[in-house]
Amino acid sequence: MNAAEKRILELRAELDLHNYRYYVLDEPSIPDAEYDRLFQELKALEAANPQLISHDSPTQRVGGAALSAFTQVRHEVPMLSLGNAFEETDMHEFDRRVTEGLDLPVGDLFGGGAEVEYSCEPKLDGLAVSLLYQDGLLVRGATRGDGTTGEDISVNVRTVRNIPLKLQGSGWPATLEVRGEVYMSKAGFERLNATQLEAGGKTFANPRNAAAGSLRQLDSKITASRPLEFCCYGIGQVSADIADTHIGNLLQLKTWGVPVSRELKLAKGIGECLDYYRDIGERRNALPYEIDGVVFKVNSIAAQRELGFRAREPRWAIAHKFPAMEELTELLDVEFQVGRTGAVTPVARLKPVKVAGVTVSNATLHNMDEVARLGLMIGDTVIIRRAGDVIPQVVQVVTERRPADARPVQIPESCPVCGSHVERTQLIKRSKGRETISEGAVYRCVGRLACGAQLKQAIIHFVSRRAMDIEGLGEKSVEQLVDEGLVSSPADLYGLTFEQIVDLEGFAELSSKNLLAAIADSKRQSLARFIYALGIPDVGEETAKVLARSLGSLERVQQALPQVLTYLPDVGLEVAHEIRSFFTDSHNQQVIKQLLAHGLEIQDQGELGAEFAASTTLGGLLDKLHIPSVGPGGAQKLADKFGSLQAVIEADWLDMRQALPEKQANAVREFFANEDNRQQALAAEQQLRDFGMHWQSEKKVVEGLPLAGQTWVLTGSLELMSRDIAKDKLESLGAKVAGSVSAKTYCVVAGPGAGSKLVKANELGLKVLDEQAFVAFLGGHGITV
Ligand code: IVH
């Protein structure tokens, strides 16, 4: 054996072991990056020595040439299905049949019967597969088909990451058929649908369809790109028995590297089975994959043999189902709701139907693109899905059941609330800094605060906890205030009197006084919260913070030109235009004036943020003008050569050619020959100067905030302050606060109950502070809590 061959075998064994630890034991033993390194090394060695590539190499999970059809496979041992139980009484009935069938004493109301041992497992919602191992090597994968004949999907199953291509250890029967479910996790499903949507491809209604659609692909390269997983629940054909119980079999398979459920349990008697059903039922939403019930199997293999089969179902096993998450119903109508920013959203009115125990009569349709994607018509029969705590969704139309009088869904021309015109705006999707126009469109009522629906939502947002934080003003009260004409803009809240409030439904003397006090209290507010409270389309809390931190005063935020706004992190041209058009709107200007007239005191830092000041360079400005064919590099060359915008504008062709190649030089001159372009560029430059910037400062390093460039993570519970406050404090010192720990994390603040993030931080040897130390640290930067 030469050195390459030896190393290849070593790498395969090592990667197989890491896979086993990762997928089967759930105990990853090396960081992903290290795994990737080993994997790349193996790939390179195999590429250099193609004669050494073997079928069971971990590099061979990429799929092969596309097939024109699947070949058929006969199952030596038929793949059966399961009887279903929906009620507890069905389960007692099942237990009685088992007990009688085994000639054991059957109990009565007072107990006294034999307690049969059952294995308990979740019933995964995917599709059944058979994996055939010969001498420890995976030689065939097949679907269940009709139970007797299935399809050969060997190439496809090889791409599923946690299916062992080779068994670990030793002692396996020469012929071993492993059976189980191929499924897609909830997270994998969401991710897949998001990518499909982005690519304009078809999305899947649920993880089960996604798993089935992914596994039964003639082109196995597609299968390889899908996040499929496998879980074993039994065996088929074997050349020798493994253990004498079902659980014994599964545990033995696990030592050979076959993934089995973490939820596998032994129950003594039907009572413990019912406890298991309830426990899993309570945890159903939190499980990372979808299940439609649990499966109970008589644990003793001898007892299973004694009980045998009835038709196509074993007498020794049963599926105890949970309420279904999908149901069929009829789409009675589509109505339109108007949101805070005026977006007109279609809502499905449904014939009431019980889904997973809850009656559903409405479902959001998100937008008209979604209606088009579903091909929805009024009168259609639709599949409604309510997964966990998620709001009900229409996932599919049953087109075969479309009635002859089905009507198309039409967006109204005028607002259903205020009658104003409904405007159609093309959605501009930005991808990697360059703008691409997407197919999508949003519809907006142009009524703004004159539209009752928008006004109500705007005020509900304005008073909300993370905005102006006016406690005691619920949605119902806001609706009353608007309906009675007491409030027609957020500013009117500050003019409310005791008499007006006390007359509202649900208010008494004390609550009215409290509300007035809360309104008065809200007048002192940070700039970031105030900007967020204004409800500018596309400006969430994060963007509001960035605006406040970078521009430092309300006046600058109000005046900022779109080109200047795009200097801010994560603000693209589209958001910049939303911000600009919000502040140039005369009605909005009026409202802000009134708010300030009511004595609002906006707390700001007054000065420009250091990070922002450092990022505004002449090269950056020239780049942001998007001069055709001039990229960031060209823009910088212009800045270096000319030093001011005026000089660039006035430069003659020869000078320009010294900085740029001919084509770009021409483009720059052409661009500035246009009066509008010139004016816009000069206005942006002037504004930056007004804000206190100097191009001369370009190269000078601006002293940043003390934690600039650092990423912090908060974990566990904090007792001396809320997480939001801790985050605010860190951000005010210039730190970024992230949700997960990585090698890039600078420091982790860990309160009591900190879990995996703290473990990871310690593993990576990061700096960790407890809350006391954190408070002391803040104190050191002049921040008191
Ligand atoms: S045992 C003879 N166990 O449910 C027993 N099936 O309704 C055959 N399923 O085709 C199946 N999780 O696709 C078994 N823990 C589990 C299961 C399970 C999901 C699926 C499987 C089977 C169907 C039967």
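Ligands are counted one by one from 1 in listed order, and the atoms in each one are counted from 1 as well.
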Check against side-chain hydrogen bond (donor to acceptor under 3.5 Å, both in side chains), Y118 and D95: CA-CA 10 Å; Y118 293 104; D95 183 50; 2.6 Å; yes
Test side-chain contact (heavy atoms from CB on, under 4.5 Å) applied to L138 and V157, L132, L167, V178, the passing residue: V157
Residue-ligand contact K297/ligand 1, heavy atom below 4.0 Å: yes
Residue E121 vicinity, atoms of ligand 1 by number, heavy atom under 4.0 Å: 3 (N), 15 (N), 16 (C)
Polar atom proximity, L124 to ligand 1 (N or O, under 3.5 Å): yes
Check against salt bridge (Lys or Arg N to Asp or Glu O under 4.0 Å), E117 and K297: CA-CA 9 Å; E117 283 193 353; K297 297 170 188 161; over 6 Å; no
Sub-4.0 Å atoms of ligand 1 with respect to non-hydrogen atoms of P314: 2 (C)
Taking atom 4 (O) of ligand 1 as the reference point, the nearest protein heavy atom with its distance: K123 NZ, 3.1 Å
Stepwise side-chain hydrogen bond (donor to acceptor under 3.5 Å, both in side chains) test for E151 and T71: CA-CA 6 Å; E151 288 172 325; T71 53; over 6 Å; no
Numbered atoms of ligand 1 (with element) below 4.0 Å of L80, judged on heavy atoms: 8 (C)
For atom 11 (C) of ligand 1, the protein heavy atom that lies nearest, with its residue and separation: Y233 CE1, 3.8 Å
Aromatic ring proximity, centroids under 6.0 angstrom, F296 and F94: no
Interfacing atoms of ligand 1 (cut-off 4.0 Å, heavy-atom, A128): 10 (O), 13 (O)
Protein contact to atom 5 (C) of ligand 1 [nearest heavy atom, distance to 0.1 Å]: L82 CD2, 3.7 Å
side-chain hydrogen bond (donor to acceptor under 3.5 Å, both in side chains) evaluation trace for E330 with T381: CA-CA 4 Å; E330 204 181 304; T381 296; 5.8 Å; no
Atom 20 (C) of ligand 1 - nearest protein heavy atom and its distance: E181 OE1, 3.4 Å
Lys/Arg N to Asp/Glu carboxylate O, E190 vs K186, below 4.0 Å: no
Distance filter under 4.0 Å to P122 heavy atoms, resulting ligand 1 atoms: 12 (N), 15 (N)
Chi angles and distances behind the side-chain hydrogen bond (donor to acceptor under 3.5 Å, both in side chains) call for E326, N206: CA-CA 9 Å; E326 289 182 5; N206 54 44; 2.7 Å; yes
Ligand-side contact atoms (ligand 1) for residue partner V295, heavy atom cut-off under 4.0 Å: 3 (N), 15 (N), 16 (C), 17 (C)
